[in-house]
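The structure under discussion appears below in the form of structure tokens.
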Amino acid sequence: MASQSLIETIQKRAQIASDDELFASLANALPKEQIDQTAKAASIKPSDIVQIGRTFYATRLRPALEDTICGKLQFCKNRHVYDTAAAITGLVADETAKIVATTLQLPPDPSGKAASIVVEFSAAVLKEGLNRLCGCK
């Protein structure tokens with residue numbers, strides 16, 4: 001379960017960071033081999049970093065989160081369970097930590113780079129909104 005400190009960090013990040021800042025931070029926190037696999041060019045310019053973050057989010061992280069939160073946990077049907085911002089943030093943080101650990105083969109308890117990825121990824125998801133992510137009506 002996500003700590004109160006992690007929940008607050010994610011909520012603050014979602015409020016103050018622009019989308020480009022989140023995706024750039026996400027890309028910068030990725031292991032080098034993930035950047036290399038996601039990058040389209042031999043050399044990476046600063047403007048490419050945002051696109052690398054967006055691409056990794058859209059192709060690797062978001063689909064896995066959509067499968068878990070929207071599919072397995074049936075968020076739209078069970079929205080009433082998550083009745084506070086902290087509960088929603090905790091849900092996103094917990095599932096994000098699992099996805100990051102699996103996708104990047106990192107320990108399940110986020111620390112260091114994994115924690116940075118969890119914060120940035122969770123903040124990006126919160127900015128998008130779970131209703132939109134899951135297509136809730």
Taking side chain to side chain contact (heavy atoms under 4.5 Å, CB included) as the test, write out the residues that go with [X], two or more places apart.
X      : answer
Ala17  : Arg13, Glu21, Leu22
Thr102 : none
Cys76  : Cys134, Cys136
Ala87  : Tyr82, Thr84

Indicate yes or no: at least one non-hydrogen side-chain atom of Asn78 is less than 4.5 angstrom from one of Leu73. no
Less than 4.5 Å apart, side chain to side chain, heavy atoms only: is that true for Phe56 and Leu104? yes
Write down the atom of [X], the atom of [Y], and the distance for their closest heavy-atom approach.
X      : Y      : value
Ser116 : Ala29  : CB-CB, 3.9 Å
Ala24  : Val50  : CB-CG2, 3.9 Å
Ala14  : Leu126 : CB-CB, 4.3 Å
Val119 : Ile10  : CA-CG1, 4.0 Å
Leu133 : Glu66  : O-OE2, 3.8 Å

Begin with the C-alpha distance, continue with both residues' side-chain angles, and end with the deciding distance and a verdict on side chain to side chain contact (heavy atoms under 4.5 Å, CB included) for Leu61 and Ile99. CA-CA 7 Å; Leu61 300 176; Ile99 291 166; 4.0 Å; yes
Please lay out, stage by stage, how Val81 and Leu91 fare under the test side chain to side chain contact (heavy atoms under 4.5 Å, CB included). CA-CA 10 Å; Val81 174; Leu91 168 69; over 6 Å; no
Side chain to side chain donor-acceptor pair (under 3.5 Å) involving [X] - partner list, sequence neighbours excluded:
X      : value
Asp20  : Arg54
Asn28  : none
Gln105 : none
Glu128 : Tyr57, Arg62

Quick one: CG on Asp67 to NZ on Lys72, what's the gap to the nearest 0.5 Å? 4.5 Å
With rounding to the nearest 0.5 angstrom, report the CD to OG1 distance, Glu120 to Thr96. 11.5 Å
Would Gln51 and Thr55 count as having a side-chain donor-acceptor pair, cut-off 3.5 Å? yes
Is there a donor-acceptor contact under 3.5 Å linking the side chains of Gln11 and Thr89? yes
Between Phe121 and Val92, does the side chain to side chain contact (heavy atoms under 4.5 Å, CB included) criterion hold? Intermediate values first, please. CA-CA 9 Å; Phe121 179 26; Val92 170; over 6 Å; no
By salt bridge (Lys or Arg N to Asp or Glu O under 4.0 Å) - contacts of Lys137 (at least two apart): none
Sequence neighbours excluded - ring-ring contact (aromatic ring centres under 6.0 Å, His included) pairs with any residue from residues 85-105: none
If two hydrophobic side chains count as joined below 4.5 Å and joins carry through other members, does Leu130 share a cluster with Ile7? no
Listed once per pair and sorted, the salt bridge (charged side-chain N to carboxylate O under 4.0 Å, His left out) pairs that draw on residues 75-89, sequence neighbours left out: none
